[in-house]
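Handing you this structure, nothing more for now.
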Amino acid sequence: MTLSNTDFPTPSEGDDCRVVREILDLVGDKWTLYIIATLRDGPVRFNELRRQIDGISQRMLTINLRGLERDGLVKRTMFPTIPPRVDYELTDMGRTLLAPVMAIVVWADSNRQNIQDARGRYDTR
């Protein structure tokens, strides 16, 4: 069996496939796609972000935002007000992830029923 399109990038000399796998794991994380998609229109306050992402706990949102900030995809801005206000937004690099992320979100939404139907057919076999 061969792939019809073999124009996949190959790791540069000395690169480790584990690094690519770590990045793909980050993007494929349960919450990352939602966070990236929610931040697409600009800065969002922490609590508003939490309200917009159905089912995410405060702890999981904090952990994911810290990871995305560490990786340079999200910028955290704290305003010295009482109570403190914290905004999150995509960095320039984070915005480059929007097109592929939104393509996955659109694909998943448009194929949701097809996948459910395929699962049903498979499970009845």
Are Leu39 and Val106 joined in one hydrophobic group, where the rule is that I, L, V, M, F, W and Y side chains link up if heavy atoms are under 4.5 Å apart?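 In one cluster: no.
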
Check whether any side-chain heavy atom of Tyr34 lies under 4.5 Å from a side-chain heavy atom of Gln52, and answer yes or no.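 Counting from C-beta outward, Tyr34 and Gln52 never come under 4.5 Å.
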
Apply side chain to side chain contact (heavy atoms under 4.5 Å, CB included) to Val86 and Phe79, showing your working. CA-CA 6 Å; Val86 179; Phe79 298 92; over 6 Å; no

Give every donor-acceptor pair under 3.5 Å between a side-chain atom in residues 89-98 and any protein atom, sequence neighbours left out.
unit_1	atom_1	unit_2	atom_2	d
Thr91	OG1	Gly72	O	2.5
Thr91	OG1	Leu73	O	3.3
Thr91	OG1	Met93	N	3.4
Thr91	OG1	Gly94	N	3.0
Asp92	OD1	Arg95	NH2	2.5
Arg95	NH1	Leu90	O	2.6
Thr96	OG1	Met93	O	2.5

Listing request: all salt bridge (Lys or Arg N to Asp or Glu O under 4.0 Å) pairs with a residue in residues 41-54, at least two apart in sequence or in separate chains.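 Found Glu48-Arg51.
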
Selection residues 68-83 - residue pairs positive for side chain to side chain donor-acceptor pair (under 3.5 Å), sequence neighbours left out: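 Side chain to side chain donor-acceptor pair (under 3.5 Å) check on residues 68-83 returns Arg76-Tyr88.
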
Just jot down the side chain to side chain donor-acceptor pair (under 3.5 Å) partners of Asn64, sequence neighbours excluded, or say none.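 Checked Asn64 against side chain to side chain donor-acceptor pair (under 3.5 Å); zero matches.
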
Leu49 versus Val44, closest heavy-atom pair with distance: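 Minimum heavy-atom contact is N-CG1, 3.5 Å.
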
Considering only distance and modelled atom types, tabulate donor-acceptor pairs under 3.5 Å from the side chains of residues 112-122, sequence neighbours left out.
unit_1	atom_1	unit_2	atom_2	d
Arg112	NH2	Asp109	OD1	3.0
Gln113	NE2	Asp117	OD1	2.8
Asn114	ND2	Asn111	OD1	3.3

Sequence neighbours excluded - salt bridge (Lys or Arg N to Asp or Glu O under 4.0 Å) pairs with any residue from residues 20-32: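 Found Arg21-Asp25.
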
State plainly whether one hydrophobic cluster holds both Val74 and Met78, where clusters connect Ile, Leu, Val, Met, Phe, Trp and Tyr through side-chain heavy atoms under 4.5 angstrom apart.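 Val74 and Met78: one cluster.
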
Does atom CZ of Arg85 have more than 12 heavy-atom neighbours, drawn from other residues, nucleotides or ligands, at distances under 6.0 Å?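 Yes, the 6.0 Å shell around CZ holds more than 12 heavy atoms from other groups.
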
Quick one, Trp31 and Ile53 - any side-chain contact, counting heavy atoms below 4.5 Å?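 Trp31 reaches Ile53 side chain to side chain.
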
Would you say Arg66's side chain and Ile63's backbone share a donor-acceptor pair under 3.5 angstrom?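 No; zero donor-acceptor contacts below 3.5 Å.
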
